[in-house]
Every structure is written in C-alpha cells, then in structure tokens.
Amino acid sequence: MNGGRSRRLAVACLVALAMAVVDQGTKAIALAQLSEQERIPLIGDLLGLQLAFNPGTVMSLGSNSTWVFTVIGIVAGIALLYAAWRATSTAWAVAIGFVWGGAIGNLIDRLFAAPGFGRGHVTDFLAYGNLFIGNIADIAIGIGVGLGILQVLLSHRSQTRSEHPGATSPQEK
C-alpha cells in the first residue's frame, strides 16, 4: 500500500472513530439525563432534546425489521472500509469517514442495545420539531453525504473546465 493511500485510510479511520465516539458519548449522556416523556426546547419548537428508541430507520420506517438494518449496517461498514481504502483524495477520505462513523455509531446500538443482540433499538435524542428524533450518527452521515456530493460537483466542474479551457462561466461574463 502506498503512502498516500495509507494516509487517506488513516484519515477516514480517524474521522470514523471520532464520529462513533462522539455519537456513543452523546447517547450515553442522553440515556442518563433525558426522558421519553419530556422535551427540552433548545430553539423553540424547532429543535429540542427528547429521548427516543428507534427500532427502524428514518421516521421509524421498517420497525419490524430491526435485524435487517443490523445486516445492512455490517455490510455498509465493510463497504465503507473498502471505500476508505480506495479514497482518491483526503477530501473523499473525510467524507467517507463521516458516513462510516455514523454507520458504526448506529450499528453499535443495533448490536448491543435492548431488546437484544442484533435487534437493538437506536438511541435518538435530537428532536426536530414534530418531524423526527435523531442523533449525532445521523448528522455525521448527512455531513458525509453532503461532502461527497460537494466532491462530485467540484470534480464535474473541474472536468468541464479542463475539457473546455476557453469557456467562460456565467459569472465571468
């Protein structure tokens, strides 16, 4: 493995580890301090803190198939390790690391939280109005996806400019 690839893999691993640790740490605090019955407002009704346990995925979809999400989480973790190993830039490594860390954070809950191994419910505590309740792992996944989309857009823009070096953008006219 060459030095650049090793460095990018290390970056992805460090970002993933940091996100998983922060996710699990905030979940431990939420479990110790919050209640399922009471919401603590942070930004009026827009954002608050309230404990919830999610057996499914976004907005509790698939609540009766928790074990399926455990399998998907394991497969995603392996796929993201491979993606991190193949990352072509540090920016991609960071993006992959965020998604990987979020996936690991929620997988830890699926594996070890109640009601049992492989069927655990994900601990959520960030209440977004009356829409849904999420956690730091969800935010990490969102950040990673956003960074990935940004990389694709920047790559496309760079490629377009190299294919048409004399072209001007609308801002340059």
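For reference, positions follow the sequence shown, starting with 1.
Rounding to the nearest 0.5 Å gives a distance of 9.0 Å between CD1 of Ile133 and CG of Asn130. Taken to the nearest 0.5 Å, the CZ atom of Arg119 stands 12.5 Å off from the CH2 atom of Trp67. Going from atom CD1 of Ile149 over to atom CG of Leu154 covers 12.0 Å, rounded to the nearest 0.5 Å.
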Worksheet entry | Residues Leu107, Phe112; criterion side chain to side chain contact (heavy atoms under 4.5 Å, CB included); working and verdict | CA-CA 9 Å; Leu107 179 60; Phe112 302 112; over 6 Å; no

Item to complete: Carefully, step by step, assess Thr90 and Arg7 under the rule side chain to side chain donor-acceptor pair (under 3.5 Å).
Response: CA-CA 8 Å; Thr90 302; Arg7 190 175 72 69; 2.9 Å; yes

Item to complete: Please assess Val99 against Val145 for the test side chain to side chain contact (heavy atoms under 4.5 Å, CB included), listing each intermediate value before the final yes or no.
Response: CA-CA 7 Å; Val99 175; Val145 168; 4.2 Å; yes

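Using a 4.5 Å cut-off on side-chain heavy atoms (C-beta onward), Leu9 and Leu81 make contact. Contact of the Thr70 side chain with the Phe117 side chain is not registered, since no non-hydrogen atoms from C-beta on lie closer than 4.5 Å. Residues Leu126 and Ile139 have side chains in contact (heavy-atom distance under 4.5 Å, counting atoms from C-beta outward). Between Phe53 and Thr123, the closest side-chain pair of non-hydrogen atoms falls below 4.5 Å. Side-chain contact between Arg39 and Leu49 is absent, with no heavy-atom pair separated by less than 4.5 Å. Contact of the Val122 side chain with the Arg110 side chain is registered, since non-hydrogen atoms from C-beta on lie closer than 4.5 Å. Using a 4.5 Å heavy-atom threshold, the side chains of Phe98 and Ile141 count as separate.
Of all heavy-atom pairs between Phe69 and Pro55, the closest is CD1-O, 4.3 Å. The two residues Gly105 and Gln24 make their nearest non-hydrogen contact at O-NE2, 2.9 Å. Considering every non-hydrogen atom in both Ile96 and Ala87, the closest pair reads CD1-CB, 4.2 Å. Here the closest non-hydrogen pair linking Ile104 and Ala20 is CG2-CB, 4.0 Å. For Leu147 against Ala95, the heavy-atom pair with the smallest separation is CB-CB, 3.7 Å. Closest approach of Gly77 to Trp100, counting heavy atoms only: O-NE1, 3.3 Å.
Under a cutoff of 6.0 Å and an axis angle of 45°, Arg5 and Trp85 form a cation-pi pair.
Under the 3.5 Å distance criterion, the side-chain polar atoms of Arg8 are left unmatched by any main-chain donor or acceptor of Ala93. One N or O on the side chain of Thr26 and one on the backbone of Val22 form a donor-acceptor pair closer than 3.5 Å.
Residues that satisfy the side chain to side chain contact (heavy atoms under 4.5 Å, CB included) test with Ile29, not counting sequence neighbours, are Gln33.
Under a hydrophobic clustering in which Ile, Leu, Val, Met, Phe, Trp and Tyr are joined whenever their side-chain heavy atoms come within less than 4.5 Å, directly or via other members, Tyr128 and Ile136 fall into the same cluster. Residue Leu111 is not grouped with residue Val21 when hydrophobic side chains (ILVMFWY) are merged at heavy-atom distances under 4.5 angstrom, including chains of intermediate members. Hydrophobic clustering of Ile, Leu, Val, Met, Phe, Trp and Tyr side chains at less than 4.5 Å, counting indirect connections, keeps Val152 apart from Leu150. Grouping the Ile, Leu, Val, Met, Phe, Trp and Tyr side chains by contacts below 4.5 angstrom, directly or via other members, places Val11 apart from Leu14. In the hydrophobic cluster analysis, where Ile, Leu, Val, Met, Phe, Trp and Tyr join through side-chain heavy atoms closer than 4.5 angstrom, Phe125 is grouped together with Leu31.
In summary, the side chains of Asp124 and Gln50 do not present any donor paired with an acceptor at a separation below 3.5 Å, with no hydrogens or angles considered. Residues Asp138 and Asn106 have side chains that bring a donor and an acceptor to within less than 3.5 angstrom of each other.
In summary, of the residues considered (Leu80, Ile74, Val75), a side chain to side chain contact (heavy atoms under 4.5 Å, CB included) with Ile78 occurs for Ile74 alone.
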